[in-house]
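The structure appears below as structure tokens.
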Amino acid sequence: MDSLFADEAFDRRPTIVAPGAVWVPGFLTAEAQQWIIARYADWQSGPVPPHATTIAGHPMSVTTIGLGWHWQPGRYDRRAVDVNDKVVLPFPDWMTRLGRQVLESAVAVVEDAQDLPQGTAAVWGFDPADYHPDVALVNYYDEHAKMGMHQDKDEFDPAPVVSLSLGDTCLFRFGNTETRNRPFEDLRLASGDAFVFGGPARFAYHGVRSIQPGTAPDAGRLNHLGGGRINITMRTTGRD
């Protein structure tokens, strides 16, 4: 019965979800997933521990580690002034390379689309060679965590956001730039999936409705965390 609801039972072809938004299922190999999960263990023991950011007086249900910059609503700082005032870990060079590889895959999906004119990926700002992310927000979701519909709008640079999923599958909602309500698309983002949004979709509302416990593949299991999901989002702050 469980196999009826496994990720393999759903359509997992690369998809243009909306203009400027591309889903690339299975981007990370099993080996890459294991390697990045091991890096998360390193980040956990870094100068700034995983922490729940407070928004409007309420802590988020996810815990966050910032690489390159520390994020609070409306601002970025090098120091985690609201946690322990320590300088965050640097943004790793390998993540820049990985982000560019994701963008290359997204460009290929766009170029293969028969109903889009040539050059659409460039219009959307999908330029792998010129992609220079400088911050990653690494969020951990336990099986009860969610994230409401929101926009990623604290960056000065409108370069695309590159997202990677590890661990249990989440039910992800990707909406529009005007409202938290319809129209939107609901997707099952599984371990190893990549998602890119830029250009006309850069400021689209999006969120995580739920985590599906026990759905991680062997390579993506977060046993040291008791299960759950890790999401890495790379952005370009445009800040000095």
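Values below: all heavy atoms of this structure, side chains included; hydrogens, waters and symmetry mates excluded. Positions are given from 1, in the same order as the sequence printed here.
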Check the pair V87 / R79 against side chain to side chain contact (heavy atoms under 4.5 Å, CB included), numbers first and verdict last. CA-CA 4 Å; V87 176; R79 292 181 178 274; 3.7 Å; yes
Please lay out, stage by stage, how Q212 and D168 fare under the test side chain to side chain contact (heavy atoms under 4.5 Å, CB included). CA-CA 6 Å; Q212 306 295 293; D168 287 332; 5.6 Å; no
Checking side chain to side chain contact (heavy atoms under 4.5 Å, CB included) for the pair D130/H132: CA distance, chi angles, key distance, verdict? CA-CA 6 Å; D130 196 39; H132 301 282; 3.5 Å; yes
Chi angles and distances behind the side chain to side chain contact (heavy atoms under 4.5 Å, CB included) call for W71, D152: CA-CA 11 Å; W71 174 78; D152 293 346; over 6 Å; no
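In the hydrophobic clustering of this structure, V162 groups with W35; members are Ile, Leu, Val, Met, Phe, Trp, Tyr whose side-chain heavy atoms approach within less than 4.5 Å, directly or through other members. In the hydrophobic clustering of this structure, L171 does not group with V24; members are Ile, Leu, Val, Met, Phe, Trp, Tyr whose side-chain heavy atoms approach within less than 4.5 Å, directly or through other members. In the hydrophobic cluster analysis, where Ile, Leu, Val, Met, Phe, Trp and Tyr join through side-chain heavy atoms closer than 4.5 angstrom, M147 is grouped together with L187. F197 is not connected to Y131 by any chain of hydrophobic side-chain contacts under 4.5 Å among Ile, Leu, Val, Met, Phe, Trp and Tyr, and they are in different clusters. Connection of V196 to F91 is established within a shared hydrophobic cluster, with ILVMFWY side chains joined at heavy-atom distances below 4.5 Å, either directly or through further cluster members.
Across T177 and Y205, no two heavy atoms sit closer than the pair O-CE1, 4.0 Å. What you find for H70 and V88 is that their closest heavy atoms are CB-CG1, 3.6 Å. A190 approaches R12 most closely through the heavy-atom pair CB-NH1, 3.7 Å. The minimum heavy-atom distance between L189 and R229, with the atom names listed, is CD1-NH2, 4.0 Å. Closest of all the heavy-atom pairs between V110 and A121 is CG1-N, 3.8 Å. Heavy-atom minimum distance, Y76 versus R239: CD1-NE, 3.5 Å.
Applying the salt bridge (charged side-chain N to carboxylate O under 4.0 Å, His left out) test to pairs two or more places apart or on separate chains, those with a residue in residues 30-46 are R39-D42. Among residue pairs with one or both ends in residues 138-157, those qualifying as ring pair (Phe, Tyr, Trp, His ring centres under 6.0 Å) are H150-H206; sequence neighbours excluded.
No donor-acceptor pair under 3.5 Å is formed between the side chain of H51 and the backbone N or O of T63. Side-chain N or O atoms of R78 include one that pairs as donor or acceptor with a backbone N or O of G68 at under 3.5 Å. In this structure, T236 contributes its side chain and A159 its backbone to no donor-acceptor pair below 3.5 Å. Between the N231 side chain and the L164 main chain, a donor and an acceptor come within less than 3.5 Å of each other. Side-chain atoms of R235 do not come within 3.5 Å of backbone N or O of V135 as any donor-acceptor pair. Looking at Q151, its side chain does come within 3.5 Å of a backbone N or O of F203 through a donor-acceptor pair.
One finds the CG atom of L28 at 7.5 Å from the OG atom of S191 (value rounded to the nearest 0.5 Å). Separating the CD1 atom in I232 from the CG atom in L98 is a distance of 8.0 Å, to the nearest 0.5 Å. How far CZ of R182 is from CZ of R173: 6.5 Å, rounded to the nearest 0.5 Å. Of the inter-residue distances, the one linking S163 atom OG with F172 atom CZ reads 6.5 Å to the nearest 0.5 angstrom. Summarising the geometry, atom CD1 belonging to I36 is positioned 11.0 Å from atom CD belonging to Q34; distances are rounded to the nearest 0.5 Å. Rounded to the nearest 0.5 Å, atoms SG (C170) and NZ (K146) are 12.5 Å apart.
Using a 4.5 Å heavy-atom cutoff, the side chains of V102 and S105 are not in contact. Contact annotation: the side chain of V48 never approaches that of L89 to less than 4.5 Å [non-hydrogen atoms, C-beta and beyond]. In this structure, L222 and I37 have side chains that are in contact, with non-hydrogen atoms separated by less than 4.5 Å. When side chains are defined from C-beta on, V107 counts as touching P128, because their heavy atoms get closer than 4.5 Å. No side-chain heavy atom of D157 sits under 4.5 Å from any side-chain heavy atom of D134. Looking only at side-chain heavy atoms (C-beta outward), F174 and W23 stay at 4.5 Å or farther from each other. Side-chain contact check for V161 versus R202: some heavy-atom pair is nearer than 4.5 Å.
With sequence neighbours excluded, the residues that form a side chain to side chain contact (heavy atoms under 4.5 Å, CB included) with S61 are A145.
Around atom CG of D186, more than 12 heavy atoms belonging to other residues, nucleotides or ligands sit under 6.0 Å away.
The aromatic rings of W43 and Y40 sit perpendicular, their planes meeting at an angle over 60°, well past the 30° parallel limit. Relative orientation of the W124 and F126 rings is perpendicular, given thresholds of 30° and 60° on the angle between their planes.
For the side-chain contact (heavy atoms from CB on, under 4.5 Å) criterion with P50, the lone passing option out of I65, N139, V62 is I65.
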